[in-house]
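Lettering of chains follows the sequences in order, A, B, ..., and the numbering in each one begins at 1.
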Amino acid sequence: MKMSPQYTRAQANMQPGVITSDGFLGDDHRNLVDIIEADEEKFSQLDLDFDHVARRLRSLLEAGRKGLGEPVTIEGKWIITTSEARGHLASPFEDGIYRKVNARIEYAPQGKPTGEELLISDLSLHLLETHHFLQGKGSPFRIEPEKIRKVLEI
Amino acid sequence: MDLLFFIAPLAVGGISAAFAALISVTDRIVNNYGDVVIDINKGKKELTVKGGQPMLFGLAESGIFVPSACGGRGSCGACKVTVRSDVGPLMPTEAPYLTQEEIKGSVRLSCQIKLKQDVEIEIPEELFNVQDYQAVVEKITDVTHDIKEVYCKLPEGKEVSFISGQYGQFEVPPYGKVKERTMRAYSMSSAPSDRNHLEFLIRLVPGGIVTTYAHEHLKEGEKVRIIGPFGDFQVRDTDATMICVAGGSGMAPFKSIFQDMIDNGTITNRDIWYFFGARSRRDVFYLDWLYELDEKYNNFHFVPALSEPQPEDNWEGPTGLITEVLDGYLKEKISREHNLEGYLCGSPGMLDACMAVMTANEMKTEDIFFDKFA
């Protein structure tokens, strides 16, 4: 699929050292548009909905924030630890700035961690919800569709 | 025909090379700003630095370190300076970090201003004392499963002078996919009396560049760059009761403050309440030392609280979020005979939550002090 000028600019902003030191693409050498297209297809195969997933993850992030930096158990299934830092990060699509808040969501039914976890941030949720961009393979904040299904019990 | 086949690509290549050379020369001419002079605080200091670079880096090159929690990426909003000469309009990258009042007062982010001509700025004079240290990591101690105490020795003959509660910027080298040196701000946990060392408490943040390095790569004996001291979080010289609240690595400035008060004999001058929040027993540290202070000094009260104590913790102390525990104590246990001063260290969310509890309990906003960084 062809890269629009907006995607070309966004992909340039996603390189390491532009917005974050690690960037958003990890080891993934595909074009941004191909990453998005592949993940949209995967979402469709797994019967996942971007808006629904974003809402669910955002509600867990906000619930985790109530722990004030300490891990909190939500609904007896998830242990959520949020970290906040001063300032904001710009979206690589140049459509807003987002708080430096991230959350580690550990799947722990009956309080027992399974080892399955998701790492999300205010910005990564925006990228998922608005741009269907789950980040490149190998990016620290890459959200794997299969993992979403497992961790969120969808 | 054959000759053209060879000449055409050579001609195209030659033209491209000529254009590239022209662009390179033009860039050097157009973007060569030469040296520029930075006048600080109406002539108190004058620096001559290379033009074309961000002001933050130009100042640092001359030994003036404006605080920056993100290392000049324009994402923390910390490196504010007041600019008294024309440096062009406010950039869209600066606006989100400035209040209307700051914009009216010509406050700008020094990392976003490119030095193109002589400039006049104002900064707090304390920044003239900030030093750049090449320290050596002397000891790394795991104080919890996700917090390391990093104790650094300054070079031979170098001493540090700081006020307990202040912070330093800790730099780590490139590693893995991280291609640049990266700096983050951490409160000093050592006491000012230990003039040859600086100590930090670093909690692992998933995806955090500096915290990951500190937890997975940093070794004893390794050299690290530390710039500081910064910040105005410090104990006010009053007889007000101190209400201190922290969680996790927010312990750092309080360790420094309490030890400093012991060293200078002021620990007994006023009531001190220290609320420390954690999830379970494995997240609490320095318990022995803090209980010892609680026992030794009648006016020192240590209140650790666990939000989710585990059965094996056999915890008999307060439970719940630290804000809930704080609220209960402010309502029922803490005397109002003296004014109350709040001292907070933690994430922005934690600070906001504590501020809300304190102000709801009639503490004045101007009596609540903190440095808002994690």
Does anything in residues 65-77 of chain A reach chain B? List residues with heavy atoms under 4.5 Å apart, or say none. A:Arg65, A:Lys66, A:Gly67, A:Leu68, A:Gly69, A:Glu70, A:Pro71, A:Val72, A:Thr73
Can you say whether A:Ile120 sits under 4.5 Å from chain B via the side chain, the backbone, both, or neither, judging by heavy atoms? neither
When A:Arg99, A:Glu84, A:Lys100 are each screened for side chain to side chain contact (heavy atoms under 4.5 Å, CB included) with B:Pro348, the one that passes is A:Glu84
B:Asp232, CG atom: more than 12 neighbouring heavy atoms under 6.0 Å: no
Report, as yes or no, whether the 6.0 Å neighbourhood of atom CD on B:Gln310 holds more than 12 heavy atoms from other residues, nucleotides or ligands. yes
Does atom NE2 of B:His145 have more than 12 heavy-atom neighbours, drawn from other residues, nucleotides or ligands, at distances under 6.0 Å? yes
Would you say B:Gln100 has more than 12 foreign heavy atoms packed within less than 6.0 Å of its CD? no
Run the side-chain donor-acceptor check on residues 209-217 of chain B: report pairs under 3.5 Å with partners two or more places apart or on a different chain.
from     : atom 1 : to       : atom 2 : distance (Å)
B:Thr211 : OG1    : B:Val205 : N      : 3.0
B:Thr211 : OG1    : B:Val205 : O      : 3.3
B:Thr212 : OG1    : B:Gly208 : O      : 2.4
B:Tyr213 : OH     : B:Glu222 : OE2    : 2.3
B:His215 : NE2    : B:Ile202 : O      : 2.8
B:His215 : NE2    : B:Leu204 : N      : 3.3

For chain B, which residues of residues 49-59 of chain A have at least one non-hydrogen atom nearer than 4.5 Å to it? none
Considering only heavy atoms, which portion of B:Arg184 lies under 4.5 Å from any heavy atom of chain A: side chain, backbone, both, or neither? neither
Considering heavy atoms only, which positions within residues 277-286 of chain B lie below 4.5 Å of chain A? B:Gly277, B:Ala278, B:Arg279, B:Asp283
